[in-house]
Chemist: 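Input: one structure, supplied below.
These numbers come from the heavy atoms of this one structure, side chains and all, not from hydrogens, waters or symmetry mates. Order of appearance sets the numbers: ligands from 1, and atoms from 1 within every ligand.
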Amino acid sequence: MNSDIRNILIREDEIKLKVAEVAGRITEDYTGRKLVLVGILKGSIVFLADLMRNIDLPLSVDFMSVSAYGIGASTPGDVKIIKDLDMPVEGKDVIIVEDILDSGTTLSYIMDLMVVKKTASIRLCALLDKPGRRRVPITPDYSCFTIPDEFVVGYGLDYSERYRNLPYIGVLSREVYEK
Ligand code: IMP
Ligand code: MG
């Protein structure tokens with residue numbers, strides 16, 4: 001185990017099973033529809049790569065990158081688009097794929113933006129849900145794991161751009177961000 005990790009919260013095999021299960025539900029729900037998975041960069045990439053390979057439907061993939069002004073935006077107005085979608089999503093059935101739903105600020109902004117883009121439908125799929133920190137009332141339509149209020153990394157999630165490549169989800173040691 002990486003020495004900066006205090007403990008492993010979710011093992012690689014647990015993630016694999018759960019991602020396949022959620023992908024199975026999406027496959028059932030979206031049969032016959034025009035599915036577009038929109039990954040939010042960069043945290044969603046590992047989850048998205050596994051999720052899409054377990055969805056047994058024709059689909060397309062696009063990406064969006066947003067940033068919060070400063071550390072932890074507090075209102076959706078503090079969020080800015082760094083990279084918008086490449087393709088139009090009007091009339092499409094969009095699922096936003098995100099690493100973690102924390103305060104909900106980023107995702108509520110993105111969901112509002114999709115309304116303007118006139119999608120046929122819009123749902124949210126989050127790998128992790130941290131409901132203890134929610135500031136905006138938003139719940140994921142699909143989520144793999146509900147976690148306590150701890151800072152986690154791995155499987156796409158970073159601290160200062162590091163640890164995204166860890167195959168498991170682990171709690172970062174306090175010493176790493178307190179030094
Ligand atoms: P929200 O707008 O507060 O919901 O922020 C969501 C974003 O904050 C996520 O996409 C992550 O990039 C980041 N984030 C929130 N909690 C964690 C965590 O525990 N580990 C790593 N990144 C996190
Ligand atoms: Mg991040």
Side-chain angles (χ1 to χ4, degrees), residues 1-12 14-15 18-19 22 36-52 61-85 94-116 122-179:
M1 193 174 79
N2 185 300
S3 61
D4 291 348
I5 303 301
R6 196 187 75 202
N7 62 287
I8 294 178
L9 194 64
I10 310 165
R11 294 189 316 268
E12 197 177 352
E14 296 175 295
I15 298 172
K18 199 68 183 178
V19 170
V22 168
V36 182
L37 300 178
V38 171
I40 308 304
L41 295 170
K42 302 170 203 170
S44 72
I45 58 165
V46 181
F47 176 41
L48 179 67
D50 285 342
L51 185 76
M52 66 192 279
V61 175
D62 206 343
F63 292 96
M64 186 179 269
S65 179
V66 296
S67 93
Y69 290 115
I71 312 286
S74 53
T75 71
D78 294 335
V79 182
K80 168 177 127 180
I81 300 179
I82 306 296
K83 182 215 167 290
D84 205 345
L85 298 177
V94 172
I95 300 180
I96 302 291
V97 180
E98 175 63 305
D99 53 358
I100 184 167
L101 183 55
D102 188 29
S103 74
T105 307
T106 314
L107 277 164
S108 71
Y109 172 79
I110 291 169
M111 299 297 262
D112 288 351
L113 203 79
M114 291 298 144
V115 175
V116 179
I122 175 83
R123 281 188 174 179
L124 170 60
C125 177
L127 170 70
L128 305 175
D129 186 9
K130 213 194 257 183
R133 299 225 327 149
R134 204 75 90 249
R135 277 186 292 198
V136 182
I138 179 170
T139 45
D141 300 285
Y142 305 96
S143 89
C144 294
F145 304 96
T146 299
I147 63 162
D149 184 11
E150 299 208 78
F151 196 84
V152 293
V153 294
Y155 197 70
L157 291 109
D158 74 305
Y159 170 68
S160 197
E161 295 303 325
R162 289 181 59 202
Y163 313 106
R164 293 193 200 274
N165 57 324
L166 298 178
Y168 51 82
I169 294 161
V171 178
L172 194 63
S173 298
R174 288 199 171 273
E175 295 82 77
V176 176
Y177 50 89
E178 281 173 359
K179 74 185 168 197

Chemist: With a 4.0 Å cut-off on heavy atoms, is Asp158 touching ligand 1?
Modeler: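 Checking ligand 1 against Asp158, which is what was asked, there is a heavy-atom contact under 4.0 Å.
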
Chemist: Please identify which atoms of ligand 1 are closer than 4.0 Å to at least one heavy atom of Asp99.
Modeler: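 That gives atoms 9 (C), 10 (O), 11 (C), 12 (O) of ligand 1.
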
Chemist: Given Leu128 and Ile10, is the side-chain contact (heavy atoms from CB on, under 4.5 Å) satisfied, shown in steps?
Modeler: CA-CA 10 Å; Leu128 305 175; Ile10 310 165; 3.8 Å; yes

Chemist: Answer with side chain, backbone, both or neither: which part of Arg135 has a heavy atom less than 4.0 angstrom from an atom of ligand 1?
Modeler: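 It is neither part, as no heavy atom is under 4.0 Å.
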
Chemist: To the nearest 0.5 Å, what is the distance between CD1 (Ile82) and CG (Asp84)?
Modeler: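 That separation rounds to 11.0 Å.
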
Chemist: Check each atom of ligand 1 against the heavy atoms of Glu150 and keep those under 4.0 Å away; list them by number with element.
Modeler: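 Heavy-atom distances to Glu150 below 4.0 Å select 19 (O).
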
Chemist: Does ligand 1 have any atom sitting under 4.0 Å from a heavy atom of Lys130?
Modeler: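 Under 4.0 Å: yes for Lys130.
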
Chemist: Is it true that the side chains of Tyr155 and Asp50 contain a donor and an acceptor less than 3.5 Å apart?
Modeler: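 Checked: Tyr155/Asp50 side chains pair up, N/O donor to acceptor below 3.5 Å.
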
Chemist: Grab the two heavy atoms, one from Leu172 and one from Tyr177, that are nearest each other, plus how far apart they are.
Modeler: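 The pair with the smallest heavy-atom distance is CD2-CD2, 3.7 Å.
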
Chemist: Please indicate whether any nitrogen or oxygen in Val153 is less than 3.5 Å from any nitrogen or oxygen in ligand 1.
Modeler: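 Looking only at distances, the answer is no, because the N/O contact criterion of under 3.5 Å is not met.
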
Chemist: Pairing donors with acceptors under 3.5 angstrom, does anything connect the side chains of Tyr163 and Asn2?
Modeler: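 There is no such pair between these side chains.
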
Chemist: Between Glu98 and ligand 1, which residue portion shows a heavy-atom distance shorter than 4.0 Å: side chain, backbone, both, or neither?
Modeler: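 Near ligand 1, Glu98 shows its side chain, while the N, CA, C and O stay back.
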
Chemist: For ligand 1, is Gly43 a contact, meaning one of its heavy atoms is under 4.0 Å away?
Modeler: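 Contact check Gly43 vs ligand 1: negative.
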
Chemist: If you measure from atom 20 (N) of ligand 1 to every heavy atom of Val152, Leu157, Thr106, which option wins on shortest distance?
Modeler: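 Nearest heavy atom to atom 20 (N) of ligand 1 lies in Val152.
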
Chemist: Quick check against the 3.5 Å criterion: does Lys130 have a side-chain atom that pairs as donor or acceptor with the backbone of Glu150?
Modeler: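 Present.
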
Chemist: Which residue from Leu101, Ile100, Ile40, Leu41 reaches closest to atom 11 (C) of ligand 1 through any of its heavy atoms?
Modeler: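 Checking each option, the heavy atom nearest atom 11 (C) of ligand 1 is found in Ile100.
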
Chemist: Just by distance, do the side chain of Arg123 and the backbone of Val94 share a donor-acceptor pair under 3.5 Å?
Modeler: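 Here the side-chain-to-backbone pair does not exist.
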
